[in-house]
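Residue numbers begin at 1 in each chain, while the letters A, B, ... track the order of the sequences. Only this structure's heavy atoms are used, side chains among them; waters, hydrogens and symmetry mates stay out.
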2 protein chains.
Amino acid sequence: MGQPPQEVSPLSLNRLSLYLRCLRQLQDQGVTRISSQELARQFHLSAALIRKDLAQFGEFGIRGIGYQVEPLIETINVVLGLDREHRIAVVGMGRLGSALASYLGFNEGAFRIVAAFDSDRRKVGKKVGHLEIHHIEELTEVVRETQAEIALLTSPARVAQGIYEELTAAGIRAVLNFAPTQLAVEPDVPTKSVDVRIHLEELAFFLR
Amino acid sequence: MGQPPQEVSPLSLNRLSLYLRCLRQLQDQGVTRISSQELARQFHLSAALIRKDLAQFGEFGIRGIGYQVEPLIETINVVLGLDREHRIAVVGMGRLGSALASYLGFNEGAFRIVAAFDSDRRKVGKKVGHLEIHHIEELTEVVRETQAEIALLTSPARVAQGIYEELTAAGIRAVLNFAPTQLAVEPDVPTKSVDVRIHLEELAFFLR
DNA sequence: CCGTGTGAAGTCCTTCACAGCT
DNA sequence: AGCTGTGAAGGACTTCACACGG
């Protein structure tokens, strides 16, 4: 189970997560093995691409048969680094932040929310699940204490850059940004953005 | 202001939305014109790519000068089909659905939410802003009445496919899916998915 | 015989570099 | 002189098609 390529293309990486979701679903249905063709057919993917994506990390299939579902899930988990817990801080406990917290809170798995922040003092001290909301002034301190690794940034756009810098300075190692702004990112802090408006605008294009 | 290419690459399309966001920000700051280089520098983009992306639709720049901010915004708006209102239905009024509704509700622009649905009868009849929540059984009828074009799908994963099919049957022309499942999509209904877990898994990869 | 793993071919996307316009 | 628009070069990603192993 080697892991030669330190470099994986972003597109391939994205698909690996996708395969994982599909495989978990198959596993729930009791499927124990599946070929790349069948996987492609059921989930509308490309069989050749599935094989290429997986083959970068070793030989996991059995020729003439296909892939064993459970070991393959475990392998992808290891490849993606999901074989240990990742500690998450949520910044901004508005509706979106709360939605994210509850979504991840119910899914025990590789991700655990260990801190929550908001700038509204009325929310500070309240509990979300078993988690206390901290004031954003305590961000640096609490991020350090809790050793959060990943931040979910759901602040308003105009303060996002400042918070981003505080987060990285406090030792956060990756950020998922939901604020609709173009962040100036730290090169060594992987950062992804999700912007609903941009997705909508892309859809609008097809409706002209 | 021609619009020759009916075909635009998804990547280019995504960047056009991005440029729009950047340009709107510049406009708010009172900037009236900008070169591709300066735009690239400020927002960490590629100057050559900006020019290629824009040049597919006509010649909007002035050689030796750059681009006029306001006319360029207007041009991209037209290219993306944002010069008219798009009617949106939100399915699932949990925390995520509510967050999306309030986010878009405050932003008067090309998108307007015209319908909201939930399967929980306790929520039915309640107002979100000036919008009444309908029971999901009324989906087909209300989508038709309100002539919603785009759906935001925030239901649980296991019912997402069924709702998707109802939506497209009822005349919805594009879907933004937040349910963590791989939809079997209608080929003529542009569909995009946003899955927070997949984004997190991609970030986790970089933390191994 | 069947399906994986993989070079080779093909397609798509980005960067380069410069002609041409202001 | 400065910057756009654009062919050409370069690189990245996907598909093809088949040798190989079970």
Side-chain angles (χ1 to χ4, degrees), chain A residues 1-19 22-23 26 31-73 75-76 79 202 205, chain B residues 1-19 22-23 26 31-73 75-76 79 202 205:
Chain A
M1 204 199 274
Q3 249 160 266
Q6 210 64 344
E7 308 269 310
V8 182
S9 97
L11 290 159
S12 177
L13 187 54
N14 176 68
R15 284 189 302 264
L16 286 169
S17 282
L18 217 104
Y19 302 155
C22 299
L23 289 164
L26 289 169
V31 178
T32 59
R33 63 184 190 209
I34 191 164
S35 69
S36 60
Q37 284 175 59
E38 184 56 18
L39 195 56
R41 199 191 56 71
Q42 279 192 41
F43 296 99
H44 316 95
L45 308 167
S46 147
L49 212 34
I50 292 171
R51 295 201 300 276
K52 271 259 154 80
D53 284 335
L54 297 177
Q56 334 174 52
F57 303 100
E59 305 204 355
F60 308 119
I62 306 163
R63 298 179 189 217
I65 304 288
Y67 299 89
Q68 298 286 128
V69 172
E70 205 246 276
L72 186 53
I73 289 175
T75 297
I76 302 179
V79 166
E202 288 182 54
F205 170 81
Chain B
M1 205 201 276
Q3 247 161 267
Q6 210 64 346
E7 309 269 311
V8 182
S9 98
L11 290 160
S12 177
L13 188 53
N14 177 67
R15 285 190 301 265
L16 286 168
S17 282
L18 215 103
Y19 302 155
C22 299
L23 288 164
L26 289 168
V31 177
T32 60
R33 64 185 188 207
I34 191 162
S35 69
S36 59
Q37 284 174 59
E38 184 55 18
L39 194 57
R41 199 191 55 73
Q42 279 193 41
F43 296 99
H44 317 94
L45 308 167
S46 147
L49 211 34
I50 292 171
R51 296 200 299 276
K52 270 260 155 79
D53 284 336
L54 297 176
Q56 335 173 53
F57 303 101
E59 304 205 355
F60 307 120
I62 306 162
R63 297 181 189 218
I65 303 289
Y67 298 88
Q68 297 287 127
V69 172
E70 205 245 277
L72 186 54
I73 289 176
T75 297
I76 302 179
V79 166
E202 288 181 54
F205 170 81

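- Closest approach to the B:Ser36 side chain among C:dT22, D:dT4, D:dT6 is made by D:dT4 (side chain taken as heavy atoms from C-beta onward).
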**Request:** For B:Asp53 and B:Val8, run side-chain contact (heavy atoms from CB on, under 4.5 Å): C-alpha distance rounded to whole Å, both residues' side-chain angles, the deciding distance at 0.1 Å, then the answer.
**Result:** CA-CA 9 Å; B:Asp53 284 336; B:Val8 182; over 6 Å; no
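- Atom CD in A:Glu7 sits roughly 10 Å away from atom P in D:dC13 (whole-Å rounding).
- As a whole-Å value, the separation of A:Phe57 CZ from C:dG5 P is 13 Å.
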**Asked** Going through the checks in order, is the side-chain contact (heavy atoms from CB on, under 4.5 Å) test met by A:Ile34 and A:Leu72?
**Response** CA-CA 10 Å; A:Ile34 191 164; A:Leu72 186 53; over 6 Å; no
**Message:** Run B:Leu16 and B:Phe57 through side-chain contact (heavy atoms from CB on, under 4.5 Å) and show every step you take.
**Reply:** CA-CA 11 Å; B:Leu16 286 168; B:Phe57 303 101; 3.6 Å; yes
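- The distance from atom OH of B:Tyr67 to atom OG1 of B:Thr32, rounded to the nearest 0.5 Å, is 15.5 Å.
- When the side-chain nitrogen and oxygen atoms of B:Ser12 are compared with OP1 and OP2 of C:dC13, none of them lie within a distance under 4.0 Å.
- Rounded to a whole Å, the CD1 atom of B:Ile50 is 16 Å from the P atom of D:dT6.
- For the residue pair A:Ile65 and A:Ser35, the shortest heavy atom distance occurs at O-CB, 4.2 Å.
- Considering only side-chain N and O atoms, A:Ser46 lies nowhere under 4.0 angstrom from the phosphate OP1 or OP2 of D:dT14.
- Rounded to a whole Å, the CG atom of A:Leu49 is 14 Å from the C1' atom of C:dG5.
- Here the closest non-hydrogen pair linking A:Thr75 and A:Phe60 is CG2-CZ, 3.3 Å.
- Along DNA chain C, the nucleotide nearest to A:Gly64 and the one nearest to A:Arg51 differ in position, and the one closer to the 5' end is contacted by A:Gly64.
- For the pair A:Pro10 and A:Ala48, nearest-nucleotide mapping onto DNA chain D gives the more 5' position to A:Pro10.
- With hydrogens and angles ignored, no donor-acceptor pair closer than 3.5 Å exists between the side chain of A:Arg63 and the base of C:dC2.
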Give me the distances for all protein-to-nucleotides 8-11 of chain C N/O pairs that come in under 3.5 Å?
residue : atom : partner : partner atom : Å
C:dA8   : N6   : A:Lys52 : NZ           : 3.4

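- For C:dT14, the OP1/OP2 oxygens have a side-chain nitrogen or oxygen of B:Arg15 closer than 4.0 Å.
- Listed pair A:Tyr67 / C:dG5 meets the phosphate criterion, a side-chain N or O lying under 4.0 Å from OP1 or OP2.
- The side chain of B:Ser9 contributes no N or O atom lying less than 4.0 Å from OP1 or OP2 of C:dC12.
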**Message:** Quick one, A:Ser12 with A:Gln56, criterion side-chain contact (heavy atoms from CB on, under 4.5 Å). Give me CA distance, side-chain angles, the key distance, then yes/no.
**Reply:** CA-CA 10 Å; A:Ser12 177; A:Gln56 334 174 52; 2.8 Å; yes
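- Atom CD1 in A:Ile65 sits roughly 11 Å away from atom C1' in D:dG21 (whole-Å rounding).
- Whole-Å rounding puts the B:Arg33 CZ to D:dG2 P distance at 15 Å.
- The distance between atom CG of B:Asp53 and atom C1' of C:dC12, rounded to the nearest whole Å, is 14 Å.
- To the nearest angstrom, C1' of C:dC16 lies 13 Å from CD of B:Gln37.
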